[in-house]
Number of protein chains: 2
Amino acid sequence: MPSRTKPRAPQGYDASRYPSFAVTVDVVILTMIDGSLHVLLVQRHAEPYAGAWALPGGFKQPDETLDSAAARELAEETGVRSAGHLAQFGAYGDPGRDPRTNVVTVAYLAVVPDVGAIAAGSDAADARLWPVDDVRTGDVELAFDHDRIVADAFDRVARDLELSGLAPTFLAEMFTLTELQQVYEAVWDETLDTPNFRRSLTADPTQVFVEPTGERAASSPKGGRPPELFRAGPAWHTHGSPVRRTRRR
Amino acid sequence: MPSRTKPRAPQGYDASRYPSFAVTVDVVILTMIDGSLHVLLVQRHAEPYAGAWALPGGFKQPDETLDSAAARELAEETGVRSAGHLAQFGAYGDPGRDPRTNVVTVAYLAVVPDVGAIAAGSDAADARLWPVDDVRTGDVELAFDHDRIVADAFDRVARDLELSGLAPTFLAEMFTLTELQQVYEAVWDETLDTPNFRRSLTADPTQVFVEPTGERAASSPKGGRPPELFRAGPAWHTHGSPVRRTRRR
DNA sequence: GTAATAGTGTCTATTAGACATTATCCC
DNA sequence: GGGATAATGTCTAATAGACACTATTAC
């Protein structure tokens, strides 16, 4: 049975007596390149962690929301004004996570189609898209606690892909069903059965997840039947993902 | 195509030139009382929002993690040292959300069995458990942006109940299957078919979700067969919830 | 033709939903 | 016995998994 040893803090505090923190926003920007998942990182030049790679981010200003700070950072790095998906997934405030000062960072997940704007926005040689496999295996040295933040982002995107209509936001307005399948396979790191995958998109005739455009993409350089191009239907917003992750027992 | 208008902030900033914030931790403490879900709120006496109800919370100290700050707040309010479930679910930093100063708060969800310690810890008349239905309908006036935080917490607990092994943490060590079913029904706000619910707990004979204790609880004052008491099995940790939410089409 | 990629059809095992039935207590 | 709560059994519809098959391109 606890005794009440202190007054309840935020209900009646003296506004001049509390610890002060810097608040930053870091953005994990994900995109697909040729069927594999990539994350945008920027290389540090100054200490601490000079030479290591870090998430793009910056300070929250008092007159903006966390969401708009994240949108601002995303736009500065990629030129993308409105992300198909921009969601907060965690706050990180361990003591000493930034050796310079007390910083609490709020982390966001952004998913963008692979428009060339990312390379254009990051004009300097200090920003690049890394394959997530290289990051997952620890081949890329990350600054601060960004390894943990990135790992949490991968967890989050895998969950959201099953729950929300996230998948088409990785792709351009028109896409092939193979590209869509590759999104699921890359994020979940497992292979899907193609016939079953395609059936799940059209199983319920009242819900349109993909609508044919009538157009076809060029066939691959190695030959093969040229694929049809589709557009995302409205059902992604109302019903989330029609594709479910395999229930491993 | 954006132009680089500012230096990348957190990679090489002057530690003396950034906006300063207070960082707090707020905890949404949920428990079951007689088959219905309740949330712990404390009543404010000082301005702003005097008379309104608020989430228990307090300042993060520079030498503690966000998680330990949340655990500390939970212990102060309820006397519960180790919650069955204590998870961060959001950060809130809208300008003006606290009229006194710039405050970013990190919100946690805590799930505790209905031990009497909650009432004991909150010895004053300014803390009580509210039925979540009263809060959902807006019958309880909430301070700051706590209505939004609480709504997000309800969203989060409904999701986690399906994904993680959260359900038994609402209950005491021994519980009846009816009580377990009531957890799902209260959190999801829907009724479940009892035979199907019970089957899902025992469908896979290799996974133990509930193990019989051999004991039985007293039958209800209105009569009826006295229910058997069960203990939570290890499968909750390895396989998450065996009960899935109805796929509404 | 062969290699390569795209796309369809069909069978079966598993799971989810509905609902009828039996069991054990209090009065 | 009657009312109340607990627990079990069974039928059916929907879904998930496996896999054989056809279609259209480059060479």
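Lettering follows sequence order; numbering is per chain, from 1.
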Let me know, please, whether A:Arg216 or A:Gly224 comes out on the 5' side of the other along DNA chain C by nearest nucleotide.
A:Gly224
Nearest to the side chain of B:Pro227, heavy atoms from C-beta on, is which of D:dA6, C:dC11, C:dA6?
D:dA6
Step by step, would you call B:Phe230 with B:Phe175 a ring-ring contact (aromatic ring centres under 6.0 Å, His included)?
CA-CA 5 Å; B:Phe230 292 82; B:Phe175 51 85; 7.3 Å; no
Using whole Å, report how far CG of A:Leu180 lies from P of C:dA6.
13 Å
What's B:Thr178 touching, base or sugar-phosphate or nothing? Going by heavy atoms closer than 4.0 Å.
sugar-phosphate
Want to settle it: does A:Pro221 or A:Asp193 sit nearer the 5' end of DNA chain D, counting the closest nucleotide to each?
A:Asp193
As a test of reading the structure: which of D:dG17, D:dC19, C:dA16 is closest to the side chain of A:Pro195, going by heavy atoms?
D:dC19
Separation of atom CG in B:Leu192 from atom C1' in C:dC19, rounded to whole Å
16 Å
For a quick check under 3.5 Å, do B:Asp67 and B:Thr65 share a side-chain donor-acceptor pair by atom type?
no
Nearest-nucleotide pick for A:Pro226, side chain only, options being C:dA16, C:dC25, D:dT24:
D:dT24
Taken to the nearest whole Å, CG/A:Asn196 to P/C:dC11 is 15 Å
Return the value, rounded to whole Å, for the distance between atom CG of B:Asp204 and atom P of C:dA13.
18 Å
What is the distance, rounded to the nearest whole Å, between atom CZ of B:Arg198 and atom P of D:dT10?
17 Å
Without decimals, in angstroms, what is the distance between B:Lys222 NZ and D:dA6 C1'?
14 Å
Has B:Arg148 got its NZ or CZ under 6.0 Å from the middle of the six-membered ring of B:Tyr92, at an angle within 45 degrees of the ring axis?
no
Of all heavy-atom pairs between A:Val243 and A:Ser200, which one has the smallest distance, and what is that distance?
CG2-OG, 3.5 Å
From the list D:dA7, C:dC19, C:dG7, which nucleotide is the closest neighbour of the side chain of B:Arg225?
D:dA7
Check this for me: does the side-chain of B:Arg199 come within 3.5 Å of the base of C:dG17 through a donor and an acceptor?
yes
To check you understand the geometry: which heavy-atom pair defines the closest contact between B:Ala127 and B:Val42, and what is its length?
CB-CG1, 3.8 Å
Send over the distance from B:Phe197 CZ to D:dA6 C1', rounded to a whole Å.
13 Å
Spacing between A:Arg245 atom CZ and D:dG17 atom P, to the nearest angstrom
13 Å
